[in-house]
Amino acid sequence: MRAERRGSTAALFGSELLTLFRRRRTVALLAALALIPVLIGVAIRLAGDAGSGRGPAFLDQITNNGLFVGVTAIIVAIPLFLPLTIGVVAGDTIAGEASHGTLRYLLIAPAGRLRLLAVKYLSAGVFCLAASLTVVVVGTLVGWALFPIGPVTLLSGSTVSVGEGLLRLLGIAAYVCVSLLGLSAIGLFLSTLTTVPVGAMAATAILAVVAQIIGALPQLDWLHPWLFSEHWLGFADLLRDPVQWASFADNALLQAGYILVFGALACGRFLTKDILS
Amino acid sequence: MRDQSSRTQNSTASRTFSRWIPAIVAPIVIGVGVILVPMQATAAVDLPDKTPAELVQFAAESPAQPLSGTIEQRSELGLPDLSGLTGALGGAGGDGSSAPAAASSADLEQLLSLALGSHTARVYLDGPNARLQVLDPLAERNVYRNADGVWIYDSAEKAATHITVDQAAVEALKAELQTGHADAGAGAEMPTPEAMLDQALARLDESTAVTVGTDALVAGRAAYELVLTPRDSGTLVGQISVAIDGQTGTALAASVTARGADTPAFSIAFTDVTFAAPDPAVFAFTPPAGTAVTEKPIPVPTAAELQQAKAEAGSGDAGSVDSAAKPVLHGTGWTTVVELPAGALGAPASGPLDTVTQPVDGGRVLTTSLVTVLFTSDGRAFAGAVDVATLQAAASAPAASSGR
């Protein structure tokens with residue numbers, strides 16, 4: 001019975017992922033994210049170096065080393081574009097089904113609400129990974145195509161091989177994915193509150209922006225360690241020598257806290273909700 | 001489903017409640033964790049008692065340990081905006097002042113922001129090798145000290161400065177620095193000859209009450225607390241506290257609290273520390289391709305020059321020395337006022353200076369909770385851990401006697 005249930009959970013998760021990534025909207029979101037490194041790469045290729053100290057960090061390194069396209073793209077994408085796409089996907093999880101009237105049918109099967117919620121959250125998490133990988137991988141490919149590729153100069157001034165540079169880029173993608181998991185949990189909770197998916201999407205994206213505005217106000221610095229966006233730019237610690245794993249751990253702990261709190265809230269709401277559609 | 005719930009409303013209500021339990025418990029668990037973990041870090045510890053003299057000696061005689069650790073430096077000096085004064089404090093936003101001509105003032109800015117800013121840094125020490133790795137957001141500043149000299153590398157500016165010093169001169173400078181700083185108790189990190197220690201302690205006692213505070217955990221290690229309280233009520237400094245590791249005698253934390261304040265205006269402390277030799281690779285530095293390298297050999301001061309400098313520091317009031325570049329000291333102890341003659345301060349600082357200073361009688365003043373700096377209208381600068389009135393008095397006194 002239990003094995004059967006696990007099998008059906010996996011099947012539910014699989015079909016959920018298929019539905020998510022087959023949607024034109026998901027593909028469009030990923031394509032929009034892929035456009036960021038393409039734009040950066042092409043603009044710098046055509047217009048040349050912007051000069052030291054201008055534009056986002058690492059922008060001036062791209063002409064020397066194409067591997068920095070991905071890093072620059074992540075820096076550009078993380079304040080708005082990535083949270084926006086996460087907001088769309090996470091805000092849609094439950095509210096989207098409710099608005100389509102398909103939530104009832106999902107729950108008719110002996111699936112159980114908790115299981116559905118978990119599967120929905122996991123698929124949103126997979127989208128986080130897909131989104132951050134898209135930016136980094138497309139950035140690396142664009143950089144590879146347009147600029148010379150060579151040993152990577154780290155922030156500490158030491159240089160590592162291309163292979164290790166690529167590994168560190170993958171590490172950055174993982175860091176960014178973890179960074180977005182807390183926001184996904186918030187989106188999931190907001191999605192259980194409403195049957196209008198746009199509301200949950202907008203609320204999630206707005207929260208991401210609000211958190212960063214609060215993070216920029218020194219008057220509220222007592223609040224900063226609690227913001228889910230606090231460590232978003234901390235992935236630079238993976239570009240140091242030696243690598244500073246402390247911020248990765250801090251970030252993971254913070255996001256786990258958000259997943260715990262908003263996951264529990266989402267459970268409370270979704271398990272007690274009257275499903276009418 | 002609705003019919004059911006209306007029939008068995010009671011059990012449904014309790015079931016509804018039970019489903020919200022995780023949502024109630026999760027924040028509580030996190031809250032308890034957030035409160036308990038720091039409590040563990042500040043748990044009471046008890047080290048064998050030491051008198052202040054024993055503690056200072058213990059710290060001074062302990063050999064420098066190879067270590068690696070994370071340092072948090074927090075400064076709330078009450079400065080309006082230090083970044084206006086020091087330029088690239090944020091690290092990420094370069095202001096393009098990397099031209100070789102401006103290198104000298106840029107170096108000063110770098111050192112100022114390193115010394116006075118708030119930041120997190122990694123520290124590696126192993127014998128003669130040392131490295132300070134300042135973890136700026138999306139950037140990094142590094143100070144490497146190895147057999148090759150001293151390298152300062154700034155990733156935001158992509159600039160490296162290579163400072164080479166004659167090793168003998170370094171030793172001499174170190175000795176000089178120790179006598180200079182003994183007043184502030186900063187000699188704790190460096191091994192000092194016993195005679196020098198006794199002398200320093202005796203001199204310290206004239207101006208400062210030295211006590212041993214409560215033992216505490218710093219970076220997870222039991223540490224003594226050495227508290228220096230100035231006896232002179234004219235200074236802005238209320239208290240200086242240094243945490244000394246109970247096992248190795250290494251200084252683990254230091255903080256300066258302004259008179260009448262509860263929280264330190266400036267603090268620097270290890271948040272984690274490991275007493276083991278770090279990987280030698282962390283000390284190696286070769287400037288990466290595309291880096292602007294400035295070579296800067298430091299001229300070696302002769303023994304006579306050092307002797308003169310020492311004599312000046314010892315005599316306190318060196319008003320008779322007629323040197324344009326040399327700072328002049330007024331007063332003694334905690335209320336010492338340093339006078340920089342006209343032209344000693346670089347011109348580039350004067351523009352942004354206006355935004356951080358306030359006009360007062362006889363010039364402009366920069367007030368912080370610990371240090372006050374007076375820039376007189378005739379170009380001189382007076383600084384000290386005192387209030388504005390003391391600085392103004394110092395500014396007017398020598399002008400009257402020397403008839404300037």
Give, as side chain, backbone, both or neither, the part of [X] having an atom under 4.5 angstrom from any heavy atom of chain A.
X      : result
B:V34  : side chain
B:T286 : backbone
B:L135 : both
B:F17  : neither

Between [X] and chain B, which part of the residue has a heavy atom less than 4.5 Å away: side chain, backbone, both or neither?
X      : result
A:I75  : side chain
A:F262 : neither
A:T153 : side chain

- Note on the structure: Hits for salt bridge (charged side-chain N to carboxylate O under 4.0 Å, His left out) against B:D272, two or more places apart or cross-chain, chain-then-number order -> B:R122

- Query: What residue, out of A:S156, A:S247, A:S158, A:G263, has the most heavy-atom pairs lying under 4.5 Å from chain B?
  - Reply: A:S156

- For each of A:A266, A:P242, A:A236, A:G257, tally heavy-atom pairs with chain B at distances under 4.5 Å, and name the one with the top tally. A:P242

- In Å, rounded to the nearest 0.5 Å, how long is the span from CG of B:D126 to CZ of B:R145? 11.0 Å

- Distance in Å, A:T140 OG1 paired with A:I149 CD1, rounded so as to fall on 0.5 Å steps: 7.5 Å

- A:E97 and A:R104 ion-paired at < 4.0 Å: no

- If we ignore angles and hydrogens, is there a donor and acceptor under 3.5 Å between the side chains of B:N142 and B:R131? yes

- Query: Does any donor atom in the side chain of A:E230 or A:H224 lie under 3.5 Å from an acceptor atom in the other side chain?
  - Reply: no

- Task: Give me the one residue out of B:W151, B:F285, B:Y153 that meets ring-ring contact (aromatic ring centres under 6.0 Å, His included) with B:Y144.
- Result: B:F285

